[in-house]
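Reminder, nothing fancy here: chain letters follow the sequence lines and each chain counts from 1.
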2 protein chains.
Amino acid sequence: MARVLTSQADDFPRWYQDLVAKAELADNGPVRGTMVIRPAGYAIWERMQAGMDARIKAAGAQNAYFPLFIPESYLRREAQHVEGFAPELAVVTHGGGKELAEPVVVRPTSETVIGEFMAKWVDSYRDLPLLLNQWANVVRWELRPRILLRTTEFLWQEGHTAHVDEADAHDYARRILHEVYEDLMVKLLAMPVLVGRKTARERFAGATSTYTLEGMMRDGKALQMGTSHELGQNFARAFDIAFTGVSGARELAWTTSWGTSTRMLGGLIMCHGDDNGLRVPPALAPVQVDLMVVKDGDGVAATAAKLRDELAQAGVRVALDDRVDTAFGRRAVDAELKGYPVRVEIGPRDLAAGNVVLVRRIPGTKTPIPIADLTRAVTAAMEEDQQALYDSALASRLERTVEVSTVEEAIEASATGWAKVPWSAVGAHGEAQANASGVTVRCLTRADGGVPDSEEETDLVAYLARAY
Amino acid sequence: MARVLTSQADDFPRWYQDLVAKAELADNGPVRGTMVIRPAGYAIWERMQAGMDARIKAAGAQNAYFPLFIPESYLRREAQHVEGFAPELAVVTHGGGKELAEPVVVRPTSETVIGEFMAKWVDSYRDLPLLLNQWANVVRWELRPRILLRTTEFLWQEGHTAHVDEADAHDYARRILHEVYEDLMVKLLAMPVLVGRKTARERFAGATSTYTLEGMMRDGKALQMGTSHELGQNFARAFDIAFTGVSGARELAWTTSWGTSTRMLGGLIMCHGDDNGLRVPPALAPVQVDLMVVKDGDGVAATAAKLRDELAQAGVRVALDDRVDTAFGRRAVDAELKGYPVRVEIGPRDLAAGNVVLVRRIPGTKTPIPIADLTRAVTAAMEEDQQALYDSALASRLERTVEVSTVEEAIEASATGWAKVPWSAVGAHGEAQANASGVTVRCLTRADGGVPDSEEETDLVAYLARAY
């Protein structure tokens, strides 16, 4: 098969750029750092959104929408928050042909404006928990943009909740982490994310605890796929989110926030893609089966249409490719690039023998099967391959994670994968040392893989890596 | 029942503001003209989106996403377009802590940036039609904002398509108008929109034809619910959207654009709401049945839970209100305000008789029915009331539309409703005269109600009204 991509081994970043362009997933926008998400990329994002939205609603949160423009003064109310975001802000100074009296910022995230409204809507403990989510675009001015991974504008969901006490906020931030984010990433994206706690240095600006889900890319680097934060009473204090408690006393609420973005699409590509292109997990794929008419004649087109209907009837997302004017080889290369999980090739010769050819993108197999068996075979292949993709990514992550005992060794191991090292051997000092070498502490876990409540717990394990 | 809203007859704008606030649909944002869409409002919007998105996809368009920020220079490439939008632009002059070399505008609409990418993606006639849609926020600085109707930021879908010739572009713009927009507004929103053509004066900035769907509000004013535009070759010329035609010659494409927004939510409220609150069409309603436990005891709660499951099983969107601590009257007022199509009241006395009470928001009836008959009765009521809401809005529109023969009479008739007048009696001069009195030509139709291809056709009818 003709090589259309730079190989991952030769130049991983170049492979990624090539793939994003050639699979028509996304394009750079005219303003530096912005992006266009093309239909093929957006269709995958839409299915991620649907899966996420259903899980968020199952966790009891309701969708709402808050403004894009935030008064500059709002950001200043939470000291760490403004310090974290000030360097990345886009500022609108003119509106409706006039200079504005107070400049407004384009939201980099919405804790502040949502905090303002939570304060209005919450009055009694009966109004809590208040569980909100929004799907929106946000802007963080990026000096070193990378398409889908770090862009000046990106799409995301951001959840914001208020609770009566710390325990309830804690439980909800963790529930989102596991029941919503981890569940989606594992089951739908087939990504074996490592779930842990960020160190104080890596925490979200304004949070008391930040939890993270880290994915390993096929070059051994890490990508933060999503985060869930406990914000303590920091934003409640800044925006006066207060309520009358059961006892009748006025109390400050405890808030959380949590987000996942179009960056997940970049993570999916870099976790599962190979030298022939994208590999989309069957459960996620907008097109699960690419039904390809190899050559017309002898009733091939009619059979293909019948099989398309049969598969669609069985709930399979199927697309018919009957562009017989275009060379078969070119279409096959394109299908590999786009990562359709299953390709069914149907041509006069196979048809005469009562067969079609089942080409599975994930294991890379190509097998003739009886036509009568198609739906069953496709369904079984998709189920197997969804699991196989996960298993292979997990095996690769475990293989490329090296247990070491010092920061120096961890920095060295980060050249090719992740380093697992006792947190007691790192600490704030070792973390700074690693950072100086371009390596970060991705997260802390307990020895048994559990997510710690504090970085002061004993026997914690730190994962260090280079990251996107 | 306690009056919680200003009556429509007393002060319609005040009624609207009251309702939006008290039904918890939306709130004003901190930056003037922006808004917060609260969960109750957003849930309705989500269902409008789902209905629209399915229809857009059925019409063959694919979703994509284009950047929020557009170089100022892009807008200048189409002379009428920049003239139309320049007064409404929000301009970002600072990003990442620095003044930008070229200021960027926040998209007021995306013809320009999408035109730029269409030019890259289209090469041959085989690439056409290119049918794109995006769900996004846009910003148009509003000097006289009105919540959900005219806001500085709003949410919308904007479709953008490119075609090989004028006829194909024309057909598609009209297909969207009827099969997508009119179909959704009539069937889902129960709104008898008037579909017609905008005059040259009212056309979209840069269009050659603008088609519109106009709704009548309950104060007799008009609201533009959506528009579909033929853009001729104006944007294709400005952005060089060219292709090699069948003959091998290089040709400019013909483009269209079309949009509907959160303004539909404002239209829905003002078309169907009454002095007791919102009335949501059953087909659209996020909560179709409000199952209200009047008073607990004697197995009421258990029966209510059973009925909830039974209704949900039958595909009805049902919410259980068992807040028996809150006074029944207050909850009933709240249910009327929020406009749930059906309320089922269940209390010990009715239950003892084997009954529940079916309260229908649209006709305003209240009838005891046998429990065993609930699902059937609810389903039948919703179907009837969906139609009744449409019929009543249509009757009201027809009743408040007065046939007149001069511009002067049309201006007078616009004080209380719409005026229908021969376009030949108006013309550009009469239109300017009407505009000076705050009355606009909402649209032109043919005598048989059809949508004209040009305002030069003979025997056209003009509808004049005051509008939001």
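Note that CZ of R38(A) is 9.5 Å distant from CG of L132(B), once rounded to the nearest 0.5 Å.
Applying the side-chain contact (heavy atoms from CB on, under 4.5 Å) rule to R32(B) yields the partners P145(B); only residues at least two apart in sequence or on another chain are considered.
Interface remark: E153(B) contributes side-chain atoms only to the contact with chain A (heavy atom separation under 4.5 Å). For I114(B), no part lies near chain A; criterion is any non-hydrogen pair under 4.5 Å. Using a 4.5 Å cut-off between heavy atoms, L68(B) contacts chain A through both its backbone and its side chain. For a residue to count as touching a neighbouring chain, one of its non-hydrogen atoms must lie under 4.5 Å from one of that chain's; by this rule D53(B) touches chain A with the side chain only. Heavy atoms closer than 4.5 Å to chain A are found in the side chain of D27(B), but not in its backbone. Contact annotation for L143(B): neither backbone nor side-chain heavy atoms come within less than 4.5 Å of a heavy atom of chain A. Contact of V139(B) with chain A is made through the side chain alone, with heavy-atom distances under 4.5 Å.
Closest of all the heavy-atom pairs between P67(B) and V36(A) is CD-CG2, 3.7 Å.
When P71(B), G97(B), A86(B), A26(B) are compared by the number of non-hydrogen pairs under 4.5 Å with chain A, P71(B) comes out ahead. Ranked by heavy-atom pairs under 4.5 Å with chain B, the list A40(A), P103(A), G95(A) is led by G95(A). Taking V104(A), T34(A), L155(A) one by one and counting their heavy-atom pairs under 4.5 Å with chain B, the maximum is reached by L155(A). Counting heavy-atom pairs closer than 4.5 Å to chain B, the top-ranked of the candidates E102(A), E24(A), E142(A), Q62(A) is Q62(A). Each of A136(A), G29(A), G41(A), A90(A) has some count of heavy-atom pairs under 4.5 Å with chain B, and the biggest count is that of A90(A). Ranked by heavy-atom pairs under 4.5 Å with chain B, the first of I70(A), T93(A), T262(A) is T93(A).
Between P30(A) and the choices F66(B), F117(B), F69(B), the side chain to side chain contact (heavy atoms under 4.5 Å, CB included) rule is met once, by F117(B).
Using a 30° and 60° split on the angle between ring planes, Y42(B) and Y65(A) fall in the parallel class, below 30°.
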*Test V31(B) against Y74(A) for side-chain contact (heavy atoms from CB on, under 4.5 Å), laying out the working first.*
CA-CA 11 Å; V31(B) 172; Y74(A) 276 32; over 6 Å; no
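The shortest side-chain heavy-atom distance between N137(B) and N137(A) falls under the 4.5 Å cut-off. Using a 4.5 Å heavy-atom cutoff, the side chains of N63(A) and P39(B) are not in contact.
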